[in-house]
Amino acid sequence: MVSKRDKKRLICTAVTLIMIIMGSSPTLFAAELPTKYKGVTLRVIESETTPLFAMKELLPEFEKKTGIKVTVEVYDEVAVRDKMVLDFTSHTGLYDVSFLQWWFVPEYAQAGFIIPLDHLMETKSIPGLLNLDDFLSPILEGLQVGKVQYGIPYWYLGGMLYYRTDIFDKYGWAVPETIADTQEILDKFKSIKKQGQYDKIAGWVGRGSKEFDSFGSIAGFAWAYGSKLLNDAMEPTLLSDPRWKQAMNKWVSFMKDHGPLGAGNMTWYDAYNLFMEGKALMFTETSDYGADFTNPQISKVTDKAGFAVGPKGPAGNHIQWFYSEGFGINSDISRQKKEAAWLFIQWRCSSETQLKEAQLKKVGRRFDLCSSKVLQSVQYMEAARKAGAEDYAKGILETIKAADPSYWPSIPEFAEVAESVATQFSGAIAEMNTVKDALKNANDDVYRILEKAGYY
Amino acid sequence: MFSASKQLKYYLILPSIIFLLVMVIVPLLYTIILTFCNYDLTKPQQGIVFVGVNNYVALFSNTRFWYALFRSVYYVGFSIGVSFVIGFGVTLLLGGTVRFKSFYATALLIPMIMTPVIIGLGFRFMYHPDFGILPYLFSLLGIKNIDLLGNSQWALISIILTDIWQWTPFVIAVLYAGLGYLSREPFEAARIDGASHFQVLRYITIPLMRIPIATVLVIRSMDAMRAFDKIFMMTRGGPGLATETLSIYSWRVAFAWFKMGDASTMGILMLLIIIAISNILVSIITKG
């Protein structure tokens, strides 16, 4: 017969064993998540993008561990900015954590809409949860203003070349490493098309529309020629730097002479769809399309899509498409919620969470992560291999290594400046004006905008 | 001072006056004030700064504004001109002896009751160079490889044609109602006197219908000047500036760049233009 004392010992031993087993479960974080913010509700606003779907799959685990309730409001990219600015300017404090697109961070930071995170990083970080050394410095710099960190990234996109491996293999073409190589392939493809083949396939697609995001394609292409929009005196260089003319002549030629009809109105979504439908030979774009292009349920080029880092231009720079997204904390947040928000951001952007995103079964799974520690890990490549996205995953790592945001005009007036430039080159692609006129008009517009903003 | 019945009248219209003040007068006055201020929502530290007429000077010296204004006027002229001619023609046909008149009159109103956003989206697909029905029909006529919305010369015209498709039924509805109220005697007297169809149209129908004609032209010009939904859905003002009207430009200034002073200035100028066009149309048509 077992005595009461022995029963107690047995129960304690069993509980201890169970705790040890649970502690070694792969679903637990290496870092212990605190529960002192239990009962706090955080309101997060985010755009409807792939990281959102991944986060939603993993969020229940965070909520269970910390007791923090996270409500996520989701809108499209345009509406989310409207909502955020309205909340910021009216100080309603509707949102605690805001999704930050790196190109708007200077604007929000200057206006005091979001708070610097440096103090929280130094004093309220959970050991072992978020290690900033896991991110390459250009990725972190994307969410900095004057070396002050305003956001932590969970998504980085670089300039990636997508191309049709079947057509390349058929004609024995090597993956273009330079813009000159790209031009050569496009010319050959055009000749082949004239013979009646591939008449439905455009040689080149890209963002030709007048929207501000097209600036990313224009500026990234110009950087391959060594051109930046603004010089050290913050003056536009579209007229003073002859490399701009070379770059834009090439860009407009790619879009107009090798692109599909209506290239002057083409958005990223049009270019993405054309390639996925098998109607484009190649294009350089942000590096987040690979998972879709290799998804047999939606893509017609599942086993025909190739991925490489963006070709280099005459200046030796890769064609860039630097884009970073992350979370920041709104300035109207209460002190208690601030620490809870910082815990949420640490969890969301941690390497551990990012690896779990790559290991998701299907819904939310993504490989376009921004932790170089994860991207170089065996587990990540194994997950990519299982999903049939190994080539894409390797391409992601190459684009991250090539990340270089130094060409970007990180200024609060970005939205107006970018749209003014994109409008002119959209017109050049649609033959409303010449590249020379587009350069002059864009230069004048940018100067006028910055002059009014008090730069000179 | 006022009798009880007079007081009651004022009390009964008070809610409408409050509504008008809150929803129309006050916002309008605030907008007018903002036209004399520099107000950038993304620069709250600067606040609302009085700058006099600087916003107007900056706007008038902005070539993009003049391009947008030209396109708006072009849009208005083309749209109401064509929709009026077609609408008036159909009205005259319906006014004659036509079988299944009620069916035609009802069916013709369908485009008018659809939301402009849906029409814009629908026509964007119809114009699509790869799978749109319109390029396909053009290809049957031997016109291949056509992208109307991506062509700087045809994009605005394509959008205007969509606008005409939607709002010609409105022209028909108003003119048909006007035609129905006309007395028969002048027409019968004219026929007895041997007047031709064209003479009846020129000297009797059009003069008698000048009020409904003025009404439809004023309302259509106001709508066309403010046209936004279809342009936004179909091209967003592109390619380049090919389809950027004042409404699209002012939306961009207000809601993409958050420059409320500049956007208010454009809004007030649009209002003045619409008032001017309406007054001119009414005075020309109702003269005598």
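The sequence lines fix the lettering, A, B, ..., with proteins before strands; numbering per chain opens at 1.
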Practice item. Any chance you could measure I449(A), atom CD1, to K259(B), atom NZ, to the nearest 0.5 Å? Key: 7.5 Å
Revision key, fill the gap. Chain B shares the most heavy-atom pairs under 4.5 Å, among V78(A), T423(A), L86(A), with T423(A)
Practice item. Report, as yes or no, whether the 6.0 Å neighbourhood of atom CH2 on W154(B) holds more than 12 heavy atoms from other residues, nucleotides or ligands. Key: no
Exercise for review: With the side chain counted from C-beta on, respond yes when P44(B) and F113(A) share a heavy-atom pair under 4.5 Å apart, and no when they do not.
Suggested key: yes
Practice item. For atom CZ of F19(B), decide whether the heavy atoms of other residues, nucleotides or ligands shown that lie under 6.0 angstrom number more than 12. Key: no
Review point. Is it the side chain or the backbone of K200(A) that comes within 4.5 Å of chain B heavy atoms, both, or neither?
Key: neither
Review point. Should we say atom NZ of K300(A) is surrounded by more than 12 heavy atoms from elsewhere, each under 6.0 Å from it?
Key: no
**Study point:** Enclosure of K256(A) NZ (heavy-atom neighbours >12, cutoff 6.0 Å)
**Key:** yes
Review point. If we only count heavy atoms from C-beta on, is the R252(B) to F212(A) side-chain gap below 4.5 Å?
Key: no
Review point. Hey, is NZ on K193(A) packed in by over 12 heavy atoms from elsewhere, all under 6.0 Å?
Key: yes
Review point. To the nearest 0.5 Å, what is the distance between CD (E431(A)) and CD (Q153(B))?
Key: 9.0 Å
**Study point:** Any pair counted as ring-ring contact (aromatic ring centres under 6.0 Å, His included), so long as it reaches residues 435-456 of chain A, sequence neighbours left out
**Key:** Y447(A)-Y456(A)
Review point. Do the non-hydrogen side-chain atoms of Q110(A) and Q45(B) ever get within less than 4.5 Å of each other?
Key: yes
**Study point:** Point-to-point distance, once rounded to the nearest 0.5 Å, from CE of M260(B) to OG1 of T89(A)
**Key:** 8.0 Å
Point to revise | Other residues, nucleotides, ligands: >12 heavy atoms within 6.0 Å of K279(A) NZ | key: yes
Review point. How would you list, in number order, the residues of residues 230-250 of chain B that have a heavy atom less than 4.5 Å from chain A?
Key: T235(B), R236(B), G237(B), G238(B), P239(B), G240(B), L241(B), A242(B), E244(B)
Review point. When rounded to the nearest 0.5 angstrom, what distance separates OG in S152(B) from CD1 in I429(A)?
Key: 12.0 Å
Point to revise | Under 4.5 Å from any heavy atom of chain B - which part of L274(A) | key: side chain
Check your understanding: Does the side chain of V417(A) reach to within under 4.5 Å of the side chain of W257(B), using non-hydrogen atoms?
Key -> no
Review point. What residues of residues 34-43 of chain B sit under 4.5 Å from chain A when you count only heavy atoms?
Key: L41(B), T42(B), K43(B)
Check your understanding: Is chain A contacted by the side chain of N54(B), its backbone, both, or neither, given a heavy-atom distance below 4.5 Å?
Key -> neither
Review point. What do you reckon, is CZ of F255(B) surrounded by more than 12 foreign heavy atoms closer than 6.0 Å?
Key: no
Point to revise | Nearest-0.5 Å distance, CG of residue N62(B) to CZ of residue R448(A) | key: 4.5 Å
Check your understanding: What residues of residues 136-149 of chain B sit under 4.5 Å from chain A when you count only heavy atoms?
Key -> N145(B), I146(B), D147(B), L149(B)
Review point. For E48(A), does the CD atom sit with more than 12 other heavy atoms under 6.0 Å from it, leaving out its own atoms?
Key: no
Check your understanding: Got a salt bridge between E419(A) and R64(B), using NZ or NE/NH1/NH2 to carboxylate O under 4.0 Å?
Key -> yes
